[in-house]
Amino acid sequence: MRIVGELINASRKKIREEIREKNYDAIAKVALDQHENGADFIDVNAGIFVGKETDYMKWLIQTVQENVDAPCCIDTPDPAVIEEAVKVHKGIPMINSISLEKGRYENIIPVIKGTDFKIIALCMSDEGMPYTKEERLKIADRLVNNLVKNGIKLENIFVDPLVQPIGSGDHLGREFLDSVEAIHAKYEGIHTICGLSNISFGIPKRGFANRAFMVMAITRGLDSAIMNPLDNKMMANVLAAEMLLGKDQFCEKYMNAYREGKLDF
Ligand code: THG
């Protein structure tokens with residue numbers, strides 16, 4: 001599982017203030033903690049700072065990369081922010097995200113064309129949220145074909161089928177899971193990713209639902225997730241699920257986590 005650490009997101013109250021004050025040590029610590037607990041990418045999102053998003057985004061990327069040897073996942077729908085952010089990013093960034101929404105798709109393409117950037121292709125369009133597997137696949141198809149036409153390799157594309165709260169419809173968990181499986185069946189070598197905790201929005205004891213859903217998604221092929229790597233129960237579930245599916249040779253990762261005390265709680 002490729003893990004994108006989600007904690008540096010201005011929609012979180014505490015982080016919002018730390019970003020606003022450009023509290024270098026606080027942001028550096030959140031980046032470091034996530035990396036030490038298994039994050040392969042550090043998500044950075046300054047979306048609530050209207051008019052100042054570019055400035056904060058650049059500062060976040062520099063702060064993260066001065067402290068952690070990991071790429072960022074540049075989390076903004078605004079192509080202008082992405083364009084400036086990639087200029088200060090060292091190494092290969094992940095772009096979160098491109099979608100079929102007007103103004104978003106055509107303006108991001110020139111920034112990413114022919115690069116080795118990792119691209120999250122979010123299954124969203126101007127026709128509203130996709131509910132069924134068929135709606136998601138239609139959007140994914142257009143996004144993937146266009147990205148490939150613009151020189152993006154399939155192995156650099158991460159399709160996000162969009163997790164929707166189970167409280168909005170009993171079938172929404174299943175539609176998402178079916179989508180993950182169908183996307184892997186259709187495009188060999190592609191990746192899938194999601195913000196998994198959306199599933200439990202509005203229900204109590206969210207952790208139970210999040211962990212169960214993660215294990216289900218892994219069995220259907222989900223290979224990347226935007227999540228909280230400091231959630232040790234979730235991390236243990238990921239390790240166990242991947243081991244049981246034969247994705248952890250000689251149970252090495254699971255055993256190492258055990259020896260490091262990461263399964264003690
Ligand atoms: N897909 C893609 N990108 C995404 C999402 C997605 N980026 C944003 C989001 N969804 C994933 N990131 C987060 C970051 C933080 C939190 C949840 C998702 C979070 N939530 C608190 C909680 O769950 O308890 C509530 C917020 C708070 O702390 O105030 O921390 O789906 N491509």
Side-chain angles (χ1 to χ4, degrees), residues 2-20 26-27 30-31 33-34 37 39-49 53 57 60 64 71-78 81-82 85 93-101 104-105 108 112 117-125 129-130 136 139-140 143-144 147 156-168 172-173 175-177 179-180 183 190-211 213-214 217 222-231 233-234:
R2 273 183 193 69
I3 292 166
V4 179
E6 72 183 8
L7 295 178
I8 304 181
N9 190 314
S11 70
R12 302 178 64 230
K13 255 204 192 117
K14 194 156 161 274
I15 289 285
R16 183 183 315 159
E17 295 318 312
E18 286 162 353
I19 297 175
R20 198 196 307 279
I27 296 298
V30 180
D33 283 350
Q34 292 186 94
N37 283 282
D40 303 291
F41 295 83
I42 308 295
D43 193 272
V44 280
N45 181 315
I48 63 137
F49 296 107
E53 189 183 355
M57 181 61 91
L60 282 175
V64 168
C72 291
C73 176
I74 301 170
D75 191 349
T76 172
D78 187 342
V81 176
I82 293 174
M94 181 178 270
I95 306 299
N96 186 11
S97 53
I98 190 166
S99 77
L100 282 185
E101 292 156 283
R104 196 157 167 189
Y105 178 78
I108 296 179
I112 63 175
F117 296 171
K118 317 263 183 233
I119 312 292
I120 298 183
L122 183 65
C123 292
M124 280 266 271
S125 73
M129 301 276 235
R136 288 177 163 93
I139 300 172
L143 282 169
V144 171
L147 286 169
N156 284 332
I157 302 175
F158 292 70
V159 178
D160 183 342
L162 194 66
V163 172
Q164 296 210 54
I166 195 67
S168 317
L172 288 172
E175 296 286 354
F176 172 85
L177 297 168
S179 303
V180 169
I183 288 159
I190 210 164
H191 299 285
T192 48
I193 191 165
C194 66
L196 184 127
S197 62
N198 298 346
I199 194 67
S200 61
F201 190 76
I203 63 167
K205 296 279 185 186
R206 296 179 65 176
F208 291 121
N210 291 346
R211 293 195 289 276
F213 199 54
M214 175 66 93
L222 186 79
D223 61 33
S224 315
I226 304 165
M227 59 177 272
N228 175 7
L230 306 188
D231 177 349
K233 286 184 183 158
M234 176 60 94

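Order of appearance sets the numbers: ligands from 1, and atoms from 1 within every ligand.
In terms of protein heavy atoms, atom 7 (N) of ligand 1 is closest to D75 OD2, 2.9 Å. Of all protein heavy atoms, the one closest to atom 3 (N) of ligand 1 is N96 ND2, 3.1 Å. The protein non-hydrogen atom at the shortest distance from atom 9 (C) of ligand 1 is N9 ND2, 4.8 Å.
For atom 30 (O) of ligand 1, the nearest protein heavy atom lies under 4.0 Å away. In this structure, atom 18 (C) of ligand 1 has a protein heavy-atom contact shorter than 4.0 Å. Note that atom 15 (C) of ligand 1 has protein non-hydrogen atoms nearby, at separations under 4.0 angstrom. By the definition of a contact as any protein heavy atom under 4.0 Å away, atom 25 (C) of ligand 1 is not in contact.
Every residue meeting the ring pair (Phe, Tyr, Trp, His ring centres under 6.0 Å) condition with F213, not counting sequence neighbours, appears here in chain and number order: F176. Partners of F49 by ring pair (Phe, Tyr, Trp, His ring centres under 6.0 Å), not counting sequence neighbours, listed by chain and number: Y56.
Of the N or O atoms in R12, one or more lie within a sub-3.5 Å distance of an N or O in ligand 1.
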Tell me, with the steps shown, if I48 and I19 meet side chain to side chain contact (heavy atoms under 4.5 Å, CB included).
CA-CA 11 Å; I48 63 137; I19 297 175; over 6 Å; no
Might you work through the side-chain hydrogen bond (donor to acceptor under 3.5 Å, both in side chains) test for E53 and T76, ending with a clear yes or no?
CA-CA 9 Å; E53 189 183 355; T76 172; 2.8 Å; yes
Go through the steps to decide whether Q164 and F201 satisfy the test side chain to side chain contact (heavy atoms under 4.5 Å, CB included), and finish with yes or no.
CA-CA 8 Å; Q164 296 210 54; F201 190 76; over 6 Å; no
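Contacts between N198 and ligand 1 below 4.0 angstrom, taking non-hydrogen atoms only, involve the side chain exclusively.
In this structure a side-chain-to-backbone donor-acceptor pair under 3.5 Å is present from R12 to L7. The closest donor-acceptor contact from the side chain of E6 to the backbone of D43 lies at 3.5 Å or more, if one exists at all.
Across the listed options I199, N228, D160, I120, D160 owns the non-hydrogen atom lying nearest to atom 2 (C) of ligand 1. Between I226, V4, L162, it is I226 that holds the heavy atom closest to atom 11 (C) of ligand 1. With distances taken over non-hydrogen atoms, the option nearest atom 23 (O) of ligand 1 out of R206, K14, E6, R16 is R206.
The closest side-chain donor-acceptor pair between R206 and S200 falls under 3.5 angstrom.
Taking a cutoff of 4.0 Å between a charged side-chain nitrogen and a carboxylate oxygen, E17 and K13 do not qualify as a salt bridge.
Taking every non-hydrogen atom of G195 and a distance limit under 4.0 Å, the qualifying atoms of ligand 1 come out as 1 (N), 6 (C), 31 (O).
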